[in-house]
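Nothing fancy with the numbering, it's 1 onward along the sequence.
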Amino acid sequence: SLVNVRFGGFIPTEWTSWSDQKRVIDSASSHPGIYRGKHHFAKVGSGLGTKTGAEFYGYTDNFLFAAGFGEATGGNFHASKPDSNKDFWLVGRYDITNGSSLSVLYMDYGNGITSYTISGNYKLNKDIEFQAQYSKDDSGSITGRSDVSGYGFQGIYTFNDEWLGILRYDSTDN
């Protein structure tokens, strides 16, 4: 279980506690992983989209880790073509119990921008789950703007296999 390699198109955040699968209402076509600020959308930490790349991952009973690289977006999640930069990421997740977990994601976008994301989810029972995430990007020296941080909280109630109720709040400091 400690030596696994995969290649192809995938999203590095799928290993985290607030993954694209668990985020529920965002998709690859609706700005995955961004936070909605007062003035505009801001990519902070996990707006990665699907990458073509390679990844090494491993896991034990309670801990998962991953390291990978893929096509970079050059800091723009609507890039029309890949550039020569590569994204590089590290993920660690600790599974607590009952589907609850804590995770850390480090992302280097290959263009001098890095981001750090901490997320967690708490599964109260089979129907109720709470999730939280905080991200900060370190781009001031490259973009000439202040670093951006953002956070989000959401509660999910599962009515049945087809229906979920979601209450969500997210924000950036932009």
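- Taking the six-membered ring for Trp and thresholds of 30 and 60 degrees, Phe63 and Phe65 have nearly parallel ring planes, at less than 30 degrees apart.
- Side-chain contact between Val104 and Val91 is absent, with no heavy atoms from C-beta onward closer than 4.5 Å.
- In this structure a side-chain-to-backbone donor-acceptor pair under 3.5 Å is present from Asn160 to Glu162.
- Residues Phe56 and Val3 share a closest heavy-atom pair of CE1-CA, 3.8 Å.
- Annotation: the span from Met107 atom CE to Phe88 atom CZ amounts to 10.0 Å, rounded to 0.5 Å.
- Here the side chains of Tyr151 and Lys136 are not in contact, with every heavy-atom distance at 4.5 Å or above.
- Separating the CD1 atom in Ile96 from the OG atom in Ser17 is a distance of 7.5 Å, to the nearest 0.5 Å.
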Evaluate Gln131 against Gln133 for side-chain hydrogen bond (donor to acceptor under 3.5 Å, both in side chains), listing each step before the verdict.
CA-CA 7 Å; Gln131 300 167 354; Gln133 178 167 284; over 6 Å; no
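- No hydrogens or angles considered: nothing links the side chains of Ser103 and Thr16 as a donor-acceptor pair under 3.5 Å.
- Following chains of ILVMFWY side-chain contacts shorter than 4.5 Å, one cannot reach Trp15 starting from Val5, and the two form parts of different hydrophobic clusters.
- Under the 6.0 Å cut-off for aromatic ring centres, Tyr116 and Tyr106 qualify, their centroids lying closer than that.
- Taking each heavy atom of Ser1 and Tyr59 in turn, the nearest pair found is OG-O, 2.8 Å.
- Residues Arg6 and Tyr57 meet the side-chain proximity criterion, which asks for heavy atoms closer than 4.5 Å.
- The number of heavy atoms from other shown groups lying within 6.0 Å of CG (Leu2) is above 12.
- Judged by distance alone, the side chains of Asp108 and Thr114 never bring a donor and an acceptor atom under 3.5 Å apart.
- Between the CD1 atom of Ile128 and the NZ atom of Lys123 there is a distance of 10.0 Å, given to the nearest 0.5 Å.
- Distance check: Leu105 CG to Ser119 OG gives 8.0 Å after rounding to the nearest 0.5 Å.
- By the 4.5 Å heavy-atom criterion applied to side chains, Asn121 and Glu129 are counted as neighbours.
- Using a 4.5 Å heavy-atom cutoff, the side chains of Asp127 and Phe159 are not in contact.
- Going from atom CG of Asp95 over to atom OG1 of Thr60 covers 8.5 Å, rounded to the nearest 0.5 Å.
- Put simply, the side chain of Leu164 does not reach to within 4.5 Å of the side chain of Tyr157, judged on heavy atoms.
- Here the closest heavy-atom approach between residue Phe153 and residue Ala132 is recorded as CD2-CB, 3.7 Å.
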